[in-house]
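For reference, the structure discussed in these notes is given below.
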Amino acid sequence: MTSENFSALLPLMVLAATPIVIMISIAIQRNHAISGVLALLGLLLAFISLAYPLLVPPAARHIPPLLSMDTYSVFYIGLMIAASFVLTALSHGYLENYEGRKEEFYILIILGTLGSSVLVASTHFISFFLGLEILSVSLYTMIGYVRENEQCVEAGIKYLVLAAASSAFLLFGMALVYAELGSMAFPEIARRLGAPGLNTMLILTGFSLIIVGIGFKLGVVPFHMWTPDVYQGAPAPVSGFIASVSKGGMVGLLFRLFLEYHITQYSSIVLVFSIIAIASMFIGNFLALLQDNVKRIMAYSSIAHFGYILVAFLAAGNMGIEAGAFYLTAYFVTIIGTFGTITILSGKEREAEEIEDYRGLYWRHPWIASIFTIFMFSLAGIPLTAGFIGKFYLVAAGVNSSLWYLVIILVINSALGLYYYLKIIVYMYLEHTNEAESAEKAAPLPPSVSVVSGFVLVLVIFFLIWFGVYPQNLMVIIKSAIAGFGYAPMITAGLIP
């Protein structure tokens, strides 16, 4: 490895070193505040070090055959590090209410971020699987971290069993592709797919099994059954991590893995993704309509949102990739703010997850209710929010690729989603008829919201509105990142024959 390769890998190295530093700190003396600060400093250093891959020549950004730290990877890794930074800051106040050992949580959240970062930088089945397992193992533990809570432990075990089953499908699919093409490197697979005399059925079966593994991680239909139980059972910051960083890493990998294979030439694969997208949009929204638990509503709505992102995936081309990246960024900002609000509303005894907990919230805590309202508007796609612009780009990408049926279904489902988001908003602005009822149904808000948590939520709101009013700034960054997408730069550099 050259010094330039080392510089390109510096963000991943910082993410890998931070848990070691925290472990040493814990071994010397357990201190919740110190562990939290070390975690935040590690994430900040990793974010700053993202400049290094951009300073080296394009050829040095590719570390064959496993990783590529091109501008596409740098954008997604930066997005996930920023999300993890916010969630780590919010977790500190949440863990203060936890009587068990708190420090190890920060090790897990950074390891999860590392796993997602490896996923989006992967150019080989081995790095793909290693990144996935680093992410998954940290998630098992984070989900069941509050061991005194039976619901947390149950959710962790469910995720462990189902994730293990999905990994088996994924590995078998990789094996079938390797058996036919003789390579596990993404660029080489893309090159060999055009060779004559291939067993198309074997290749399609292999990729179908890989789609099963990816579909489970994204929580799309029909691989969504774990989503509501895990979202509800996991601690609120962990639910936010699953909804954003965990799924974001897989979206980045999905675009890199399949779009360079020109999947549109395989009508059966396109049909599979279309069915998954349509089913995810309808089933996710309809099941969300039936819920009275806010975390389960967010779980089912996430199924629909990743169905929307599949519209950009099927649109393909630069416009589809750009629309998917913008929508994912907008979703990150919104869903992290949503679970951040749930986090600060959660008390020592229980989390603020039932919709009745939000009845009359505006009259008790007006600024929290106002912030939560903006997040709901963004999820619903109301103008002046990032969510609206994100859906606009999805529709534009679908229209540009003549995917009219998917565009129409997306618009219909966006209208369906309005109902359950507005339902939460209405509950927040209802007045109670008497003080006894208000006290009984009040959200279990801690005695005081920490300055850090309040500042973080305000910062998230700022970006949500900024991206909604001035989206061109983010689009410039995304366009620059997409310029390095794919294997063409690697071919130019002579890394692929």
Side-chain angles (χ1 to χ4, degrees), residues 80 83 87 112 115-116 119-120 131-133 135-136 138-140 142-143 154-170 209-255 257-258 272-291 293-313 324 327-328 331-332 334-336 338-339 379 410 413 417 420:
M80 289 182 290
L87 290 167
S116 288
L119 277 177
V120 297
L132 180 63
E133 289 307 297
L135 172 62
S136 297
S138 63
L139 282 178
Y140 305 151
M142 279 198 292
I143 292 168
E154 178 187 344
I157 293 173
K158 283 181 180 178
Y159 190 81
L160 169 63
V161 173
L162 293 174
S166 72
S167 294
F169 281 97
L170 185 68
L209 292 173
I210 292 173
I211 290 171
V212 171
I214 294 175
F216 170 84
K217 211 64 181 176
L218 292 178
V220 290
V221 176
F223 318 107
H224 68 289
M225 301 305 292
W226 62 272
T227 309
D229 290 340
V230 170
Y231 272 53
Q232 182 182 0
V238 179
S239 298
F241 186 88
I242 296 169
S244 56
V245 179
S246 171
K247 294 188 177 184
M250 190 55 73
V251 168
L253 175 93
L254 178 70
F255 277 79
L257 176 60
F258 280 98
V272 168
F273 274 110
S274 298
I275 292 172
I276 290 174
I278 294 169
S280 297
M281 287 187 275
F282 276 116
I283 294 176
N285 280 315
F286 275 120
L287 292 178
L289 291 171
L290 306 176
Q291 306 303 312
N293 183 291
V294 175
K295 290 174 77 174
R296 292 183 77 88
I297 290 174
M298 292 302 111
Y300 283 118
S301 75
S302 75
I303 297 170
H305 282 286
F306 282 91
Y308 302 156
I309 289 176
L310 287 180
V311 175
F313 172 73
Y327 192 84
L328 187 68
Y331 182 74
F332 263 46
T334 308
I335 202 65
I336 288 172
T338 299
F339 279 105
L379 286 171
L410 189 156
N413 277 277
Y420 52 82

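Atom OH of Tyr159 is separated from atom CE of Met142 by 9.5 Å, given to the nearest 0.5 angstrom. Residue Lys295 holds its NZ atom at 13.0 Å from CD1 of Ile297, rounded to the nearest 0.5 Å. The distance from the CG atom of Asp229 to the CD1 atom of Ile157 is 13.0 Å, given to the nearest 0.5 Å. The CG atom of Leu119 sits 11.5 Å away from atom CG of Leu254, with the distance rounded to the nearest 0.5 Å. Expressed to the nearest 0.5 Å, how far OG1 of Thr227 lies from CZ of Arg296 amounts to 10.0 Å. Once rounded to the nearest 0.5 Å, the distance linking OH of Tyr331 with CD1 of Ile336 reads 10.0 Å.
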Legend entry - side-chain contact (heavy atoms from CB on, under 4.5 Å) between Leu257 and Ile210, worked out: CA-CA 10 Å; Leu257 176 60; Ile210 292 173; 4.1 Å; yes
Inset, instruction - Show your working on side-chain contact (heavy atoms from CB on, under 4.5 Å) between Leu170 and Lys217 and close with a plain yes or no. - result: CA-CA 11 Å; Leu170 185 68; Lys217 211 64 181 176; over 6 Å; no
Legend entry - Residue pair Ile242, Phe339: steps toward the side-chain contact (heavy atoms from CB on, under 4.5 Å) verdict: CA-CA 11 Å; Ile242 296 169; Phe339 279 105; over 6 Å; no
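The heavy-atom pair separating Val245 from Met80 by the smallest distance is O-SD, 3.7 Å. Of all the heavy atoms in Val230 and Ser239, the pair that sits closest is O-OG, 4.3 Å. For Ile335 against Ala243, the heavy-atom pair with the smallest separation is CG1-CB, 3.8 Å. Nearest heavy atoms, Ala163 versus Tyr140: CB-OH, 3.5 Å. Between Ile211 and Phe273, the shortest heavy-atom distance links the atoms CD1-CE1, 3.6 Å. The shortest non-hydrogen separation linking Ser116 to Ser246 is OG-CA, 3.9 Å.
Ring pair His305/Tyr308 is perpendicular by interplanar angle, where above 60° counts as perpendicular and below 30° as parallel. Using the six-membered ring where Trp is involved, Phe258 and Phe313 have ring planes that are perpendicular, over 60° apart on the 30 and 60° scheme. Ring orientation note: the planes of Tyr231 and Trp226 are tilted relative to one another, at an angle of 30° to 60°.
Tested against Val251 for a side-chain contact (heavy atoms from CB on, under 4.5 Å), the candidates Val120, Ile214, Leu328 yield a single pass: Leu328. With respect to Met281, the side-chain contact (heavy atoms from CB on, under 4.5 Å) criterion is satisfied by exactly one of Asn413, Leu310, Val220: Asn413.
Within the 3.5 Å criterion, the main-chain N or O of Met298 finds a donor-acceptor partner in the side chain of Ser301.
Between Leu160 and Ile143 there is no side-chain heavy-atom pair separated by less than 4.5 Å. Contact of the Ile303 side chain with the Ile283 side chain is not registered, since no non-hydrogen atoms from C-beta on lie closer than 4.5 Å. Ser244 places a side-chain heavy atom less than 4.5 Å from the side chain of Leu87.
For the residue pair Tyr300 / His224, no side-chain donor-acceptor distance below 3.5 Å is found, with atom types taken as modelled. Between the side chains of Asn285 and Tyr420, at least one donor-acceptor pair of N or O atoms lies under 3.5 Å.
Annotation: side chain to side chain donor-acceptor pair (under 3.5 Å) contacts involving residues 275-284, sequence neighbours excluded, are absent.
When the shell of 6.0 Å around CZ of Phe223 is examined, it contains more than 12 heavy atoms from other residues, nucleotides or ligands.
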